[in-house]
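Below: the structure, in structure tokens.
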Number of protein chains: 2
Amino acid sequence: MSIEWTGSGPELPLRVDRNRPEPLREQLESALRESIRAGRLAAGERLPSSRVLARDLGVSRGLVTECYAQLQAEGYLVTRGGSATRVAAAARPPVDAPSPPSMPAGPAVLPETPEIPGLPALAGSVGIDFRPGVPDLSSFPRERWSRALRRACRDVPSDLLGYGDPYGDPVLRDVLAAYLRRVRGAAADAAHTVVCAGYAQGLQLVLRALAGEGVRVVAVEDPGDPDHRAAAATAGLDIIAVPVDEHGVDTGVLAATGARAVLLTPAHQSPTGVVLAPGRRQALIAWAVARDATIVEDDYDAEFRYDREPVGALQGLAPDRVALLGSVSKSLAPALRLGWILCPPRLSAEIARQKRLADRGSPVLDQFALADLVRSGHYDRHLRHMRTRYAARRAALVDALGRYAPEVEVRGLAAGFHAVARLPPGTDERAVVEAARRRSVALYGISGYLLDPPERRTSSARLVLGFGNLTPDSISDGIATVADLLRGG
Amino acid sequence: MSIEWTGSGPELPLRVDRNRPEPLREQLESALRESIRAGRLAAGERLPSSRVLARDLGVSRGLVTECYAQLQAEGYLVTRGGSATRVAAAARPPVDAPSPPSMPAGPAVLPETPEIPGLPALAGSVGIDFRPGVPDLSSFPRERWSRALRRACRDVPSDLLGYGDPYGDPVLRDVLAAYLRRVRGAAADAAHTVVCAGYAQGLQLVLRALAGEGVRVVAVEDPGDPDHRAAAATAGLDIIAVPVDEHGVDTGVLAATGARAVLLTPAHQSPTGVVLAPGRRQALIAWAVARDATIVEDDYDAEFRYDREPVGALQGLAPDRVALLGSVSKSLAPALRLGWILCPPRLSAEIARQKRLADRGSPVLDQFALADLVRSGHYDRHLRHMRTRYAARRAALVDALGRYAPEVEVRGLAAGFHAVARLPPGTDERAVVEAARRRSVALYGISGYLLDPPERRTSSARLVLGFGNLTPDSISDGIATVADLLRGG
């Protein structure tokens, strides 16, 4: 049963319905708010007395009085002295309400994968997506993580459910420091470890702490993450691009820039896949010491090395000059948003202060769960398992390129789960990417990673091929499609 | 069994131990790294040949060769041509390594509770802590939350385990928008809802978006959160303090400041506990419309109202002029770090962009769990349960004050779980706080919340009494102690 009051005109239906689960009072309040917001009840308009409205709707007068009082307290209605209840002047509908912007369709832009404007949408659903930086999402250890969370919910002391230590949970920091000493050769100290929400946040916190020290410009690798410019700008910094060659970032060019901070991916450069050479490592440390400069080391893809043991972090060489950023985004899943910073001791208090301002500290239960996973050895076992899995995918990529496109040169395969394929001279990178999308294969050209515009024009056509989240069969099919396109198919 | 190589002098013990679980190679690598970092092996120093070291340690020569190669790749050692392996120049110990700063003892500073410098430490463990802004941590629904997380781990589609939508999970945004329409009278639209890591992050994102619109100054309530100045500074903004009286923020003073943004806690002012009066609500909206200004509404304590239904959010009156910030910190637990922003439509894309730069989006499993909890009705039931619980604690506070300290006037009890007690004229607020700490009762004076220095000097002594995380018995005991101190005990 639904009852309406149409008031002074037919355009004001105040409806209550006894068959709906919400209490009548709530229904009437909502209906009044909506009518006022939509302008159906205009500012200054007089409402019927509570007696009349109650009678018309078949509800108690007390209910209407309460509704009026509630909406008066909220600022929708005004009642002065004994006079009638009216719609408040403040409660007018927005005059120029813009229409909602369309939401981003599908997954958002990824850190390492710029959206290239003007690309055609993928035909139908994404068939085979070579998006770099995405690990094998189907291998996320759901059951293990769920169990670790269950234990965290059960065991966390109540007093840790408040606002936590902005540095992060002390137990997790101990566990992470021990892990990073053991696995990454880092000079890790729990007192200078800050837990954060993944790499993106870690970068923000470090850049802000550097800005607080007077740093104004941060050098970045070119090609590199196109988000770096916006990330630096948010911290009040400019970036300067330094070219990457086959040994990693060009330390000579870096020294000539005069920058006092540099952001690097030494373990597996993003996107070229180059591993920073030993001589460059030493040159970097010498530069940092001589210039009183700071190296921000993105320990990108470090866990996955195929030809040898993972190379230890640069941070171990000079813990007072390097901030090491790591996360579980590649080892477990990006969706967890958990990472860490090994801070140069002089910066750790400021980085923790920035973390506190940013979000008061990372979620406590997730921190408990990660500590549990690492301490129990499941994290190591999962990484070993994944290394085998990625090695098989890497082999499938090498195999498919050899079989279908032997003319394509591939680089950056020593570590991680992306590589760079250099297309034959004269190939139009953008045309290949567009043609592939029409065949439901998502490719990512190097041009989206080039920061220096002249370089963007002269660079030869290259594809950044992420293979972490593709099965060997999909990799093979995708490369067959690329080869077909290169032959003009 | 442990074997040492003491090299050229007794200060270089390179030790491997077959009884330890780590592989010998890992042990030797770690020992070399540590010796270099600690300066026990100096830059340029020549290492023994792999043959000699292998013999001395009783390990295979291949193992030593691999270790040397690994540390060369990492930059600790150099080998040029056929010459000896030496310690790299880069790998020197830090010259001026500052000693680690002492870590914050105990819980970090809370958003609403400034640490007042110079206060004596609590005698022994905290007996009774009247810290405002902390909900009843022992009531966190561990079992329900754990179950919701378990379902999230089981049900989340793999493709949502990557980098997510920076706006937040679409399902949670729908659920939150419906909840906020129903419970907070908000004009909520999932398209303009951004999920964030609690209030602190929400505030940062909104302030940055406002800074991007050219806002330079944000008005804040005085007394108010002393963190607001630092939070605004991080976004590149200044603050201007506007006094709060018994009707809430003084809208006349606000209008005179010329500010184009204001940050408010209308539902239960932090810290005075005042509820914004209906006339002030209308004046605020009129001001925002006339000045093209933005109101940032911290929906603080809104869920807990004792004398009436919760007053609907200001945002419902003018969704294009108000950004509403809410979180589960009071309703579930601060440790979850989950919140939301209802954005003015013109700002939502920029706020989501800032969220993406800040941390790429909130953790997905937590978002699934919260959507589950709200949709299933457990969230509402938990809030109803907590309202009863807090009402009993509030009653215990009123009762204890009436019994032990009838001369103390208490305000701000209409909502939430803190109130303000005005101490008798002539009382020295700081002296009372210090004396109470010596008796293991933590009190928080209003002076820590006063932004305007002259006000700080003339204001009468007041205590901000948080009672959310104290049992009725503790509240009663704590107030008895305060009363005793006021009588000079």
Side-chain angles (χ1 to χ4, degrees), chain A residues 33 37 70 72-75 88 90-91 94 97-98 100-101 103 107-108 110 134 137-138 140 142 145-146 149-150 153 158 161-166 185 187 191 197-198 200-201 230-231 234 278 281-282 285-286 309 311-312 316-317 320 333-337 345-346 349 357 359-360 363-364, chain B residues 33 37 70 72-75 88 90-91 94 97-98 100-101 103 108 110 134 137-138 140 142 145-146 149-150 153 158-159 161-166 185 187 191 197-198 200-201 230-231 234 278 281-282 285-286 309 311-312 316-317 320 333-337 345-346 349 357 359-360 363-364:
Chain A
R33 279 197 205 96
R37 260 186 227 136
Q70 180 70 21
Q72 196 228 332
E74 295 181 3
M103 291 299 300
L110 296 187
V134 186
L137 300 176
S138 71
F140 174 64
R142 292 166 185 259
W145 188 251
S146 179
L149 283 171
R150 192 156 73 238
C153 287
S158 287
L161 290 171
Y163 295 94
D165 186 335
Q201 186 182 56
T234 305
R281 291 168 80 92
Q282 289 160 29
I285 301 292
E309 290 283 295
V311 171
L317 283 170
D320 57 343
L336 298 184
R337 310 315 300 126
R346 72 180 195 286
L357 286 171
D359 63 10
R360 310 256 176 247
V364 170
Chain B
R33 279 197 206 97
R37 256 187 230 137
Q70 180 71 21
Q72 196 229 330
E74 295 181 1
M103 292 295 301
L110 297 185
V134 186
L137 300 175
S138 71
F140 174 64
R142 291 166 186 260
W145 188 251
S146 179
L149 283 171
R150 191 155 75 238
C153 286
S158 286
D159 60 0
L161 290 170
Y163 295 94
D165 186 336
Q201 187 181 57
T234 305
R281 293 168 79 91
Q282 290 161 28
I285 301 293
E309 290 283 296
V311 170
L317 283 168
D320 57 343
L336 298 183
R337 311 313 301 130
R346 74 180 193 286
L357 286 172
D359 63 10
R360 308 261 177 244
V364 170

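All chains are named by letter (A, B, ...) in the order of the sequence lines, taking the proteins before the strands, and each is independently numbered beginning at 1. Because only heavy atoms are used, hydrogens play no part in the values below, and waters and symmetry mates are left out as well, while side chains stay in.
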Original post:
For chain B, which of A:Ala187, A:Gly198, A:Ala231 has the most heavy-atom pairs under 4.5 Å?
Top reply: A:Ala187
**OP:** Please look at A:Arg33 and chain B and tell me whether the side chain, the backbone, both or neither of the residue comes under 4.5 angstrom of a heavy atom of that chain.
**Re:** side chain
Original post:
Taking all non-hydrogen atoms of both residues, which atom of A:Arg142 and which atom of B:Ser158 are closest, and how far apart?
Top reply: NH2-OG, 3.2 Å
Original post:
Could you state the interatomic distance from CG (B:Leu149) to CZ (A:Arg150), rounded to the nearest 0.5 Å?
Top reply: 11.0 Å
**OP:** Nearest 0.5 Å please: distance from the CG atom of A:Leu357 over to the OG1 atom of B:Thr234.
**Re:** 4.5 Å
Original post:
Is a side-chain donor or acceptor of A:Arg360 paired with a backbone partner of B:Ala200 at a separation under 3.5 angstrom?
Top reply: no
**OP:** Quick one: closest heavy-atom pair of B:Pro278 and A:Ala73, and the distance?
**Re:** CG-CA, 3.8 Å
**OP:** Identify the heavy atoms of B:Arg337 and A:Asp359 that sit nearest to each other, and give their distance.
**Re:** NE-O, 2.9 Å
Original post:
Of all heavy-atom pairs between B:Ala333 and A:Leu161, which one has the smallest distance, and what is that distance?
Top reply: CB-O, 3.6 Å
Original post:
So, for A:Trp145 and B:Cys153, which heavy atoms are closest and what is the spacing to 0.1 Å?
Top reply: CD1-SG, 4.0 Å
Original post:
Got a second to check how far B:Gln72's CD is from A:Arg281's CZ, nearest 0.5 Å?
Top reply: 10.5 Å
Original post:
What heavy-atom pair brings B:Gly185 and A:Arg37 nearest, and what distance separates the two atoms?
Top reply: O-NH2, 2.6 Å
